[in-house]
Enquirer: 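Below you will find the structure I want to go over with you.
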Amino acid sequence: FKIGSLALVFIVVMLWGFAFYDSIRSTISESMTDVLINRGDLFWHGPKALAMPYMYLVQGWNNVQYVLETQATHTWGIWFFNPILHYIPFKLDIEKELIATSFFNTFTYVGVQFKDFGILGSGLVSVFLGWWIKKVYTLFLQNDSPISACVYALNATAVFQMFFSNHFFTQLYPFTMCLILLVYEFVLLKISIKRS
């Protein structure tokens with residue numbers, strides 16, 4: 001009974017949150033849902049309260065489909081190495097390499113992987129990400145340091161966001177936290193060696 005009640009409360013709050021965000025994100029008097037329906041960009045015949053949740057569920061995958069159908073050129077690892085390239089003094093403008101064409105700019109985690117390596121590469125990079133997260137989680141279970149908890153929390157956030165975009169390759173924080181943990185562990189190891 002408690003789980004069902006909590007689920008119902010969660011659904012109501014989620015729908016209210018979508019409606020509230022939809023109403024404040026528009027600069028005109030209409031909500032974004034109304035704008036999309038009136039422009040003919042969204043063919044929605046259900047309850048208006050469910051239109052935005054539906055858009056968030058499907059639009060990222062629609063954008064990936066668009067990228068697969070229209071962007072045949074690949075970037076051959078630039079997205080994969082993007083977190084490391086951020087530490088290099090010169091800046092690469094690769095954001096324009098992946099273009100989502102709809103009202104929403106989400107393209108799930110597969111979009112950048114496809115741009116880098118195509119369909120087969122997307123699968124291989126997905127396996128790599130699974131291995132990476134397993135390593136981060138195992139390290140979190142074996143280590144009681146607060147930095148290890150931060151590394152796990154931020155990487156878990158990146159996993160949670162994979163439905164919308166690939167934070168592992170488009171953002172810097174998951175990789176940076178792992179580097180900080182490595183430096184922390186290395187310094188701690190050096191200090192413990194000097195003390196013994």
Enquirer: Quick check: closest heavy atoms across Ile147 and Met177, and the distance to 0.1 Å?
Expert: O-CE, 4.5 Å
Enquirer: Determine whether Phe80 and Val125 satisfy the following criterion, side-chain contact (heavy atoms from CB on, under 4.5 Å), listing intermediate values before the conclusion.
Expert: CA-CA 8 Å; Phe80 186 78; Val125 175; 4.2 Å; yes
Enquirer: Is there a donor-acceptor contact under 3.5 Å linking the side chains of Trp132 and Asn155?
Expert: yes
Enquirer: With side-chain contact (heavy atoms from CB on, under 4.5 Å) as the criterion, how do Ser165 and Thr108 come out once you've worked through the C-alpha distance, each side chain's angles and the decisive distance to 0.1 Å?
Expert: CA-CA 4 Å; Ser165 66; Thr108 77; over 6 Å; no
Enquirer: Between His167 and Tyr173, does the ring centre distance come in under 6.0 Å?
Expert: yes
Enquirer: Taking the six-membered ring for Trp, is the centroid-to-centroid distance between Phe175 and Phe168 below 6.0 Å?
Expert: no
Enquirer: Are there over 12 heavy-atom neighbours, none belonging to Leu8, within less than 6.0 Å of that residue's CG?
Expert: yes
Enquirer: Just do the side-chain contact (heavy atoms from CB on, under 4.5 Å) check on Phe169 and Leu129 with the steps written out, would you?
Expert: CA-CA 10 Å; Phe169 302 143; Leu129 283 176; 4.1 Å; yes
Enquirer: Examine Leu6 and Val12 and state if one hydrophobic cluster contains both, with Ile, Leu, Val, Met, Phe, Trp and Tyr joined whenever side-chain heavy atoms are less than 4.5 Å apart.
Expert: no
Enquirer: Count I, L, V, M, F, W, Y as connected when their side-chain heavy atoms are under 4.5 Å apart, and connections chain through other members. Are Val136 and Ile84 then in the same cluster?
Expert: yes
Enquirer: Taking atom CD1 as the centre, does Ile3 end up with more than 12 heavy-atom neighbours from other residues, nucleotides or ligands that are less than 6.0 angstrom away?
Expert: no
Enquirer: Any chance you could measure Ile133, atom CD1, to Thr138, atom OG1, to the nearest 0.5 Å?
Expert: 10.5 Å
Enquirer: Taking all non-hydrogen atoms of both residues, which atom of His74 and which atom of Phe114 are closest, and how far apart?
Expert: ND1-O, 3.0 Å
Enquirer: State yes or no: do Leu181 and Trp131 share one hydrophobic cluster built from I, L, V, M, F, W and Y residues joined by side-chain heavy-atom distances below 4.5 Å, directly or via other members?
Expert: yes
Enquirer: Any chain of hydrophobic side-chain contacts (each under 4.5 Å) joining Met14 to Phe164?
Expert: yes
Enquirer: Using the rule that two of Ile, Leu, Val, Met, Phe, Trp, Tyr join whenever any of their side-chain heavy atoms come within less than 4.5 Å, decide whether Leu124 and Tyr109 are in one cluster.
Expert: no
Enquirer: Are Trp61 and Phe163 close enough that some pair of their side-chain heavy atoms sits under 4.5 Å apart?
Expert: yes
Enquirer: I want to check something: taking the side chain as every heavy atom from C-beta on, are Trp79 and Thr170 in contact at a cut-off of under 4.5 Å?
Expert: yes
Enquirer: Considering all heavy atoms of both residues, which atom of Asn143 and which atom of Ser148 are nearest to each other, and what is their separation?
Expert: CB-OG, 3.8 Å
Enquirer: Has Thr75 got a side-chain atom pairing as donor or acceptor with Lys115's backbone, closer than 3.5 angstrom?
Expert: yes
Enquirer: Is a side-chain donor or acceptor of Asn166 paired with a backbone partner of Gln113 at a separation under 3.5 angstrom?
Expert: no
Enquirer: Would you say that Tyr137 contacts Lys134 through its side chain, given a criterion of any heavy-atom pair below 4.5 Å between the two side chains?
Expert: no
Enquirer: Does any non-hydrogen side-chain atom of Tyr152 lie less than 4.5 Å from one of Leu139?
Expert: no
